[in-house]
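Structure first, then comments.
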Number of protein chains: 2
Amino acid sequence: MLSSKNTIFRLCRYRHCLKDLKNLGYVKVFSDNLGEAVGVSAAQVRKDFSLFGISGNRKGGYIIDDLLEKINHILGKDEIQKVILVGVGNLGSALLKYKGFEKEGIQIVSAFDADPAKQVKVGNIQVYPIKDISEFIKNNNIKIAILTVPGIVAQEVCEVLVSAGIRGILNFAPVNLRVPEGIIVSNVNLAIELENLVYFVCSMERRKE
Amino acid sequence: MLSSKNTIFRLCRYRHCLKDLKNLGYVKVFSDNLGEAVGVSAAQVRKDFSLFGISGNRKGGYIIDDLLEKINHILGKDEIQKVILVGVGNLGSALLKYKGFEKEGIQIVSAFDADPAKQVKVGNIQVYPIKDISEFIKNNNIKIAILTVPGIVAQEVCEVLVSAGIRGILNFAPVNLRVPEGIIVSNVNLAIELENLVYFVCSMERRKE
DNA sequence: TAGATTGTTAATCGATTAACAATC
DNA sequence: TAGATTGTTAATCGATTAACAATC
């Protein structure tokens, strides 16, 4: 049975938090500590752990090292995950330079763009012509792609990726990608995030009046 | 009563989709069209609309222009929303150059960074010293900030923003910001998005074996 | 022991879906 | 009219929370 997206999300967040705590020298943690740090209830923390058969000590909370090991195992952080990026515009090149992925065991191994002017090195990562993409995916057994192309071409590029063997797409293009069963798309739409925030801030302002 | 975040999210997505349809020359739309385009059920679409008292024609679906007008009114797109950005690193400067916000009636009016080397123009937007931030927020009545500073300083900067009058924060720093009641934080954590995707792709691969 | 925390069950809450009467 | 689509109610589903026995 596949766990829900939200549960895995929280598991990732617990992991980040546990790493921080470990770096600060902590050895043990209680469900209420962890919950507060991540912004969920203590019951939620224990529920999540119990779902994966992670147990602590009835009185003594959880040993951070043990917890990290178990969560790492669940999230499959044993091996480095190789991903590619397609579309080296503003956002794409910012992501290529972003240091936060490597730390989490995720490596952007190469990038692709249709524009020859962009086929240079960005950070440490080489940008290749988009026509080479299928071959690269197949030869290197890549399963995950970050899609930062313009909305108009996103569906088209998506289909190329999927037929070359990509199974998961982190999509920044503001379109609803149509994909075959079994392919996973996560959408990040920054404009909509902001619009949403605007709505809630405005409606709170209105409520005060 | 405040509607749920998910409902407003979908409302934004309907709006985007309706604009596209309008540009393509369509005049009417049915709940199942719209649902399919956005990736939700037709019942969901009708439910969302009915929640806001938006009604169509029992047989003839919805008039796109009318629908857009009503949604715009709900989401408060009458006036341009001014936001600021704090932290002009890779991601921050990419967002400053990003064209997608303006189109949605959201304008980044200025940016702030502690590093004097970054206090230049990025795109069309001037980057100011971070010490000027409180004054700017107050003088210009800014309510929303995009936070793209390093995680270590995020909480500290957040507190400055809130005490100057910011009510909503789009937070890209990988930390759980602690804010007073009534302040809204939306988190975007790209590393966690990717980790999540890795998990689900890997677990599907495993299932096939 | 007494106190504190886990692990788990049952209760609650909210969101989505199914179904269908109303009706254009 | 017959067919199609809306609007809404009830049913379902899933996720979160509350509560508490187990126990260290």
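First the proteins, then the strands, lettered A, B, ... as listed; each starts at 1. Quantities reported herein were computed from a predicted structural model and do not represent experimental measurements.
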Taking only residues at least two apart or on different chains, which pairs with a member in residues 50-65 of chain B satisfy side chain to side chain donor-acceptor pair (under 3.5 Å)?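 Passing the test, one end in residues 50-65 of chain B: Lys22(B)-Asp65(B).
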
Where at least one partner belongs to residues 80-93 of chain A, residue pairs that pass side chain to side chain donor-acceptor pair (under 3.5 Å), sequence neighbours excluded: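 Pairs touching residues 80-93 of chain A that pass the test: none.
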
Heavy atoms only, 4.0 Å cut-off, all strands: where does [X] land among base, sugar-phosphate and nothing?
X        : value
Gly60(B) : nothing
Thr7(A)  : nothing
Tyr62(B) : sugar-phosphate

Anything below 3.5 Å on both distances counts as a pair; with that, list the stems of at least three consecutive Watson-Crick or G-U pairs involving DNA chain C.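 Ordered by first number, the stems with DNA chain C (at least 3 consecutive pairs each) read C:3-24 with D:3-24.
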
Give a yes or no on whether Glu135(A) atom CD has more than 12 heavy-atom contacts from other residues, nucleotides or ligands under 6.0 Å away.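 Atom CD in Glu135(A) is not packed in, count stays at 12 or less.
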
Look at atom NZ of Lys28(B) and say whether more than 12 heavy atoms of other residues, nucleotides or ligands are closer to it than 6.0 Å.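 Result for NZ/Lys28(B): open.
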
Checking salt bridge (Lys or Arg N to Asp or Glu O under 4.0 Å) against Asp48(A), which of Arg15(A), Arg13(A), Arg10(A) comes through?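 It is Arg10(A), the one option of Arg15(A), Arg13(A), Arg10(A) that forms the salt bridge (Lys or Arg N to Asp or Glu O under 4.0 Å) with Asp48(A).
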
Sequence neighbours left out, what pairs pass ring-ring contact (aromatic ring centres under 6.0 Å, His included) with at least one residue falling in residues 12-31 of chain B?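 Qualifying pairs, neighbours excluded: Tyr14(B)-Phe49(B).
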
By nearest nucleotide on DNA chain C, pick out whichever of Lys47(A) and Gly61(A) is the more 5' one.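 Per heavy-atom nearest nucleotide, the more 5' residue is Gly61(A).
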
5' precedence on DNA chain C between Gly56(A) and Gln44(B) (nearest-nucleotide basis):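 The answer here is Gly56(A).
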
Once salt bridge (Lys or Arg N to Asp or Glu O under 4.0 Å) is applied, do any residues pair with Lys5(A), and if so which ones, sequence neighbours excluded?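 In terms of salt bridge (Lys or Arg N to Asp or Glu O under 4.0 Å), with neighbours along the sequence ignored, Lys5(A) is linked to no residue.
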
When you measure from the side chain of Asn171(A) to the backbone N and O of Val185(A), does any donor-acceptor pair fall under 3.5 Å?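 No: the side chain of Asn171(A) does not pair with the backbone of Val185(A).
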
Tell me which residues in residues 33-40 of chain A lie within less than 4.0 Å of DNA chain D, going by non-hydrogen atoms.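 None, since no heavy atom is under 4.0 Å.
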
ring-ring contact (aromatic ring centres under 6.0 Å, His included) involving Phe136(A) - partner list, sequence neighbours excluded: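 Per chain and number, Phe136(A) pairs via ring-ring contact (aromatic ring centres under 6.0 Å, His included) with Phe112(A).
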
Output a table of donor-acceptor pairs, distance under 3.5 Å, between side-chain atoms of residues 142-161 of chain A and any protein atom two or more places apart or on a different chain; print 'none' if there are none.
residue   : atom : partner   : partner atom : Å
Lys143(A) : NZ   : Asn141(A) : OD1          : 3.3
Thr148(A) : OG1  : Val86(A)  : O            : 3.1
Thr148(A) : OG1  : Gly87(A)  : O            : 2.6
Gln155(A) : OE1  : Arg178(A) : N            : 3.0
Gln155(A) : NE2  : Glu159(A) : OE2          : 2.7
Gln155(A) : NE2  : Arg178(A) : O            : 3.1

Which is more 5' along DNA chain D, the nucleotide nearest Lys59(A) or the one nearest Asp48(A)? Just name the residue.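 Checking each residue's closest nucleotide, the 5'-ward one belongs to Asp48(A).
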
Along DNA chain C, 5' to 3', what are the outermost nucleotides having an atom less than 4.0 Å from a heavy atom of chain B?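 With heavy atoms of chain B under 4.0 Å away, the range is dA15(C) to dC24(C).
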
So which of residues 24-32 of chain A are in contact with DNA chain C, with a heavy-atom cut-off of under 4.0 Å?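 The answer is Phe30(A), Ser31(A).
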
List for me each residue that meets side chain to side chain donor-acceptor pair (under 3.5 Å) alongside Lys19(A), sequence neighbours excluded, and say none if there are none.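 Lys19(A) satisfies side chain to side chain donor-acceptor pair (under 3.5 Å) with Glu104(A) once adjacent residues are dropped.
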
Atom pairs and distances, side-chain donor-acceptor, residues 35-43 of chain A, under 3.5 Å, sequence neighbours left out:
residue  : atom : partner  : partner atom : Å
Ser41(A) : OG   : Gln44(A) : N            : 3.1

Nearest 0.5 Å, what's the CD1-CD1 distance between Ile8(B) and Ile192(A)?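 Between Ile8(B) CD1 and Ile192(A) CD1, I get 12.0 Å after rounding to 0.5 Å.
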
